[in-house]
Amino acid sequence: MAREYFKPGNMLYPLPAVMVSCGKEGEKANIITVSWAGTICSDPAMVSISVRPSRHSYNIIKETGEFVINLVNEELTFAADHCGVRSGRDEDKFKEMKLTETSLDGVSCPGIDESPVCIGCKVKQIIPLGSHDMFIADVVSVSVNSKYLDEKGSFHLNDSGLIVYSHGEYFGLGKKLGSFGYSVRKK
Ligand SMILES: Cc1cc2nc3c(=O)[nH]c(=O)nc-3n(C[C@H](O)[C@H](O)[C@H](O)COP(=O)(O)O)c2cc1C
């Protein structure tokens, strides 16, 4: 098979593109779109986001020690892109994108009510890596849009139209190929 080497760089795709909301008391809340985001521990539930110190959100998150990861679905993709190319230094992104602030347990900054899942996070550690600092955080609350809950209380996240970010482009999720463990499950 013919293969070529590229200069070593970031090529781990697809990635989530999440809208991270943050806010300091007395100032308007902000939203930064982040793809350098990941789940890093199951118990305790922990996540990381990597943010460039030049971002307006960087100091807010550093000073407050809090942020909310808001999952992005197809309806929110335009707003997610906008929040990833405009700075909170210059505009109120909640207002520009007609998004609604929602209060969440465990954190003082708002989540985005239009998001199917808001994950409240408290920063535990900040690791400077180079271009980005990594914020390692505990998940302190998870709130979901009840429209994706059925009458038995089961959550149908995959009905919410989540999107992924791959090599500069946004995509909806494709067809279902299997479920966890299906390769070894008896038919
Ligand atoms: C899809 C996408 C993913 C992004 N991922 C990151 C990221 O992981 N870390 C980061 O610092 N900036 C990332 N950005 C850039 C910031 O979202 C962008 O600079 C934003 O305008 C910063 O907003 P702020 O100045 O209000 O904090 C991303 C942008 C887009 C569109």
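Below, all heavy atoms of this structure are taken into account, side chains as well, without hydrogens, waters or symmetry copies. In each ligand, atom 1 is the first atom listed, and ligand 1 is the first ligand listed.
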Task: Spacing of CG belonging to Leu15 relative to OH belonging to Tyr165, to within rounding of 0.5 Å - done: 8.5 Å
Task: Heavy-atom nearest option to atom 22 (C) of ligand 1, drawn from Arg55, His132, His82 - done: Arg55
Task: Numbered atoms and elements of ligand 1 in range of Asn30, under 4.0 angstrom, heavy atoms - done: 24 (P), 26 (O), 27 (O)
TODO: Give the minimum heavy-atom separation between Val123 and Ile126, together with the two atoms involved.
DONE: CG1-CG1, 3.9 Å
- [ ] Establish, from distance only, whether the side-chain atoms of Ser160 and Asn73 form a donor-acceptor pair under 3.5 Å.
- [x] no
Open item on the list: What verdict does the side-chain hydrogen bond (donor to acceptor under 3.5 Å, both in side chains) test give for Asn70 and Ser21, after you've listed the backbone C-alpha separation in whole Å, the side-chain angles of each residue and the deciding distance to 0.1 Å?
Closed with: CA-CA 7 Å; Asn70 303 275; Ser21 48; 2.9 Å; yes
Task: Side-chain donor-acceptor pair present, Glu25, Ser108, cut-off under 3.5 Å - done: no
Open item on the list: I need the atoms of ligand 1 closer than 4.0 Å to a non-hydrogen atom of His56, numbered in the order shown.
Closed with: 24 (P), 25 (O), 26 (O), 27 (O)
Task: Identity and distance of the protein heavy atom lying nearest atom 29 (C) of ligand 1 - done: Gly84 O, 3.4 Å
TODO: Answer yes or no for Tyr170: is there a heavy-atom contact with ligand 1 below 4.0 Å?
DONE: yes
Task: Nitrogen or oxygen of Tyr165 less than 3.5 angstrom from that of ligand 1 - done: no
- [ ] For Trp36, take its heavy atoms, then give the atoms of ligand 1 lying under 4.0 Å from any of them.
- [x] 8 (O)
Task: Atoms in ligand 1 flagged as close to Arg86, the criterion being non-hydrogen separation under 4.0 Å - done: 20 (C), 21 (O), 23 (O)
Open item on the list: Is it true that Asp150 and His156 share a donor-acceptor pair across their side chains at a distance under 3.5 Å?
Closed with: yes
- [ ] Between Gly168, Cys83, Ser35, Gly88, flag the one that comes closest to atom 26 (O) of ligand 1 by a heavy atom.
- [x] Gly88
TODO: May I ask you to identify, for Ser50, whether its side chain, its backbone, both or neither come under 4.0 Å of ligand 1 on a heavy-atom basis?
DONE: backbone
TODO: Give the residue, atom name and distance (to 0.1 Å) of the protein heavy atom nearest atom 27 (O) of ligand 1.
DONE: Ser57 OG, 2.6 Å
Task: Nearest neighbour of atom 23 (O) of ligand 1 from the list Arg89, Met19, Arg52, Lys93, on a heavy-atom basis - done: Lys93
- [ ] For the pair Tyr58 and Phe135, name the ring-plane relationship: parallel under 30°, tilted 30 to 60°, perpendicular over 60°.
- [x] perpendicular
Open item on the list: Heavy atoms only: which of Thr33, Ile32, Val51 lies closest to atom 13 (C) of ligand 1?
Closed with: Thr33
TODO: Spell out, as yes or no, whether a donor-acceptor pair under 3.5 Å connects the side chain of Ser35 to the backbone of Pro16.
DONE: yes
- [ ] Please confirm whether the backbone N or O of Glu96 pairs with a side-chain atom of Glu91, one donor and one acceptor, at under 3.5 Å?
- [x] no
TODO: If you have a sec, work out which protein heavy atom is nearest atom 25 (O) of ligand 1 and how many Å separate them, to one decimal?
DONE: Ser87 OG, 2.7 Å
